[in-house]
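Numbers here simply count residues along the sequence, with the first being 1. Hydrogens, waters and symmetry mates play no part in the numbers below; they use all other heavy atoms, side chains included.
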Amino acid sequence: GISSRARAGDRGKVMTPHEIELATALRGAGWAGGRFLDSMSYMAANDPQRDLTLRQRHYLEIMAWRYRRQLPRHLQPHQP
């Protein structure tokens, strides 16, 4: 689980330009996370000033890794 300290820091910040582009590109990318990705895409298009939680940011990055082959090259995450 996530520690209470991490939850306390889960306040969120507005979507970055990279996250907006990533959420838009991931719309409809796959079945896993589909509802989440649709929601993030909608938020990017209609309410980009809305805060994302740490968990939402993390899951967006997980989905970017999972669907990296479907993303434009400049949005593909690189293996560490």
So, for [X] and [Y], which heavy atoms are closest and what is the spacing to 0.1 Å?
X	Y	value
Q56	M40	NE2-CE, 3.6 Å
W65	H78	CZ3-C, 4.1 Å
A44	T24	CB-OG1, 3.9 Å

Single hit among L22, I62, L71 for side chain to side chain contact (heavy atoms under 4.5 Å, CB included) with P77: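 When side chain to side chain contact (heavy atoms under 4.5 Å, CB included) is applied between P77 and each of L22, I62, L71, only L71 qualifies.
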Look at the side chain of [X] and the backbone N and O of [Y], then say whether any donor-acceptor pair between them is shorter than 3.5 Å.
X	Y	result
S39	R35	no
E61	H58	no
N46	Y42	yes
R57	K13	yes

CA sep, side-chain torsions, deciding dist, call: E19, L52, side chain to side chain contact (heavy atoms under 4.5 Å, CB included): CA-CA 10 Å; E19 289 167 338; L52 287 185; 3.8 Å; yes
Residues L37, Y67; criterion side chain to side chain contact (heavy atoms under 4.5 Å, CB included); working and verdict: CA-CA 11 Å; L37 294 175; Y67 298 111; 4.2 Å; yes
Pair L75-L26, side chain to side chain contact (heavy atoms under 4.5 Å, CB included): steps then yes or no: CA-CA 10 Å; L75 291 176; L26 283 168; over 6 Å; no
Rounded distance [0.5 Å steps], CE in M43 versus CG in D51: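 Going from CE on M43 over to CG on D51, the span is 9.0 Å.
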